[in-house]
Amino acid sequence: MIQNAPSLDLVEFIETKILPQYAAFDAAHNMEHVTRVIRHSLELVKVTGADINMAYAIAAYHDLGMSGPRAIHHVTGGKILAADARLRKWFTPDQIKIMREAVEDHRASASHAPRSIYGKIVAEADRDIETDTVIRRTIQYGLANYPQLDHEGHWKRFMEHMQNKYSKDGYIRLWIPNSPNAKRLNDLRNLIAQPHELRKEFDRIFAEESPT
């Protein structure tokens, strides 16, 4: 029988022992972000037939590596998951290996396709390409990590990131055909192609997020 929800004892463990760690991370990788990735992962389970407990746990652990250097957080996160002996209550060693690889493969800048459907699920779920959310998270990251920049400096950094990651020539890749992100990415690319309109959205959200 196919499960429609993760096991209750696994949910209790994740919600009490794992998710609270996200409170220490920046606004772009906080509790709101991880819960959104979990929700999207569970939606993708329905269309892929993947194991719901595995997908749920992978999503919960995917950014724990933010406790260390951001550039390797996907590798660190995989190590954290693999080293957590508590997961052996629910998963076999082979499943944990797949889960570790999925966390390692979730980065948008990865040069290779995820090695399993689980990597594709978390990578897709992590790419929350709703336009307002993308703009807001990019601004939040800039404010948290480049406090020395003025308004124009943040705009320049923001535009470089949008072009490098989300434009039609950007590095982001979607791994699950016909996922909801495909239309969202197209909408975002249309906005990026209109810098004047994008600047309006940037200024509006920057005013909401900036402490000054």
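Values in this document were obtained by computation on a predicted structure and should not be read as measured data. Residue indices begin at 1 and follow the sequence shown.
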What I want to check is whether the side chains of [X] and [Y] have a donor and an acceptor closer together than 3.5 Å.
| X | Y | result |
| --- | --- | --- |
| N186 | R189 | no |
| H40 | D126 | no |
| H62 | H29 | no |
| N30 | H33 | no |

Run the side-chain contact (heavy atoms from CB on, under 4.5 Å) check on Y61 and V122 step by step: do they pass? CA-CA 10 Å; Y61 278 74; V122 70; over 6 Å; no
Could you check whether any side-chain N or O of [X] sits under 3.5 Å from a backbone N or O of [Y], counting only pairs where one atom can act as donor and the other as acceptor?
| X | Y | answer |
| --- | --- | --- |
| T35 | E32 | yes |
| D105 | A123 | no |
| Y22 | A60 | yes |
| D51 | M54 | yes |
| D150 | G153 | yes |

Check against salt bridge (charged side-chain N to carboxylate O under 4.0 Å, His left out), R199 and E152: CA-CA 11 Å; R199 178 63 188 253; E152 288 304 312; 2.6 Å; yes
Applying a strict under-4.5 Å side-chain criterion to I, L, V, M, F, W and Y, I'd like to know whether [X] and [Y] cluster together.
| X | Y | value |
| --- | --- | --- |
| V75 | M66 | no |
| I205 | Y146 | no |
| F13 | M31 | yes |
| F206 | M159 | yes |
| F25 | L143 | no |

Considering all heavy atoms of both residues, which atom of [X] and which atom of [Y] are nearest to each other, and what is their separation?
| X | Y | value |
| --- | --- | --- |
| I121 | L44 | O-CD1, 3.7 Å |
| A59 | V34 | O-CG2, 3.6 Å |
| I14 | P20 | O-CD, 4.2 Å |
| V11 | P6 | CG2-CB, 3.7 Å |
| A125 | S41 | CB-OG, 3.3 Å |
| V134 | I129 | CG2-CA, 3.7 Å |

Check for me whether the distance between the ring centres of F202 and H151 falls short of 6.0 Å.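 Here the rings of H151 and F202 have centres that are less than 6.0 Å from each other.
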Between E197 and K200, does at least one N-O distance fall below 4.0 Å, as a salt bridge requires?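 A salt bridge is present here (some side-chain N lies under 4.0 Å from a carboxylate O).
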Hey, mind stepping through R157 and Y141 against side-chain contact (heavy atoms from CB on, under 4.5 Å) and telling me if it holds? CA-CA 11 Å; R157 192 204 72 84; Y141 180 81; 3.9 Å; yes
Does any non-hydrogen side-chain atom of R127 lie less than 4.5 Å from one of W175?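 They are in side-chain contact.
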Taking C-beta and beyond as the side chain, do D187 and K183 meet within less than 4.5 Å on heavy atoms?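 A side-chain contact under 4.5 Å exists here.
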Mind running side-chain contact (heavy atoms from CB on, under 4.5 Å) on I98 and Y118 for me, showing each step along the way? CA-CA 8 Å; I98 292 170; Y118 296 97; 3.7 Å; yes
Nearest 0.5 Å please: distance from the [atom1] atom of [X] over to the [atom2] atom of [Y].
| X | Y | atom1 | atom2 | result |
| --- | --- | --- | --- | --- |
| S7 | N53 | OG | CG | 3.5 Å |
| H74 | K79 | NE2 | NZ | 10.5 Å |
| L185 | R173 | CG | CZ | 10.0 Å |
| I18 | L64 | CD1 | CG | 6.0 Å |
| L87 | Q95 | CG | CD | 10.5 Å |
| I96 | D84 | CD1 | CG | 8.5 Å |

Run the numbers on K89 and D9 for salt bridge (charged side-chain N to carboxylate O under 4.0 Å, His left out), then give the verdict. CA-CA 10 Å; K89 177 179 178 180; D9 54 348; 3.7 Å; yes
From the options L191, I172, T131, select the one residue that forms a side-chain contact (heavy atoms from CB on, under 4.5 Å) with Y166.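 Filter result, single survivor: I172.
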Out of the candidates L198, I139, D203, L149, only one should pair with W155 under the side-chain contact (heavy atoms from CB on, under 4.5 Å) rule; please name it.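 Only one option passes, and that is L198.
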Does the pair E201 and R204 meet the rule for a salt bridge (charged side-chain N to carboxylate O under 4.0 Å, His left out), with working shown? CA-CA 5 Å; E201 292 302 302; R204 175 181 65 83; 2.8 Å; yes
Would you say CD of E130 has more than 12 non-hydrogen atoms from neighbouring residues, nucleotides or ligands within 6.0 angstrom?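 Enclosed.
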In this structure, are over 12 heavy atoms from other groups packed under 6.0 Å from E160 atom CD?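 More than 12 within 6.0 Å, yes.
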Determine, step by step, whether H73 and R107 satisfy the side-chain contact (heavy atoms from CB on, under 4.5 Å) criterion, reporting the C-alpha distance in whole Å, the side-chain angles of both residues, the deciding distance to 0.1 Å, and the verdict. CA-CA 9 Å; H73 80 279; R107 283 200 82 187; 3.9 Å; yes
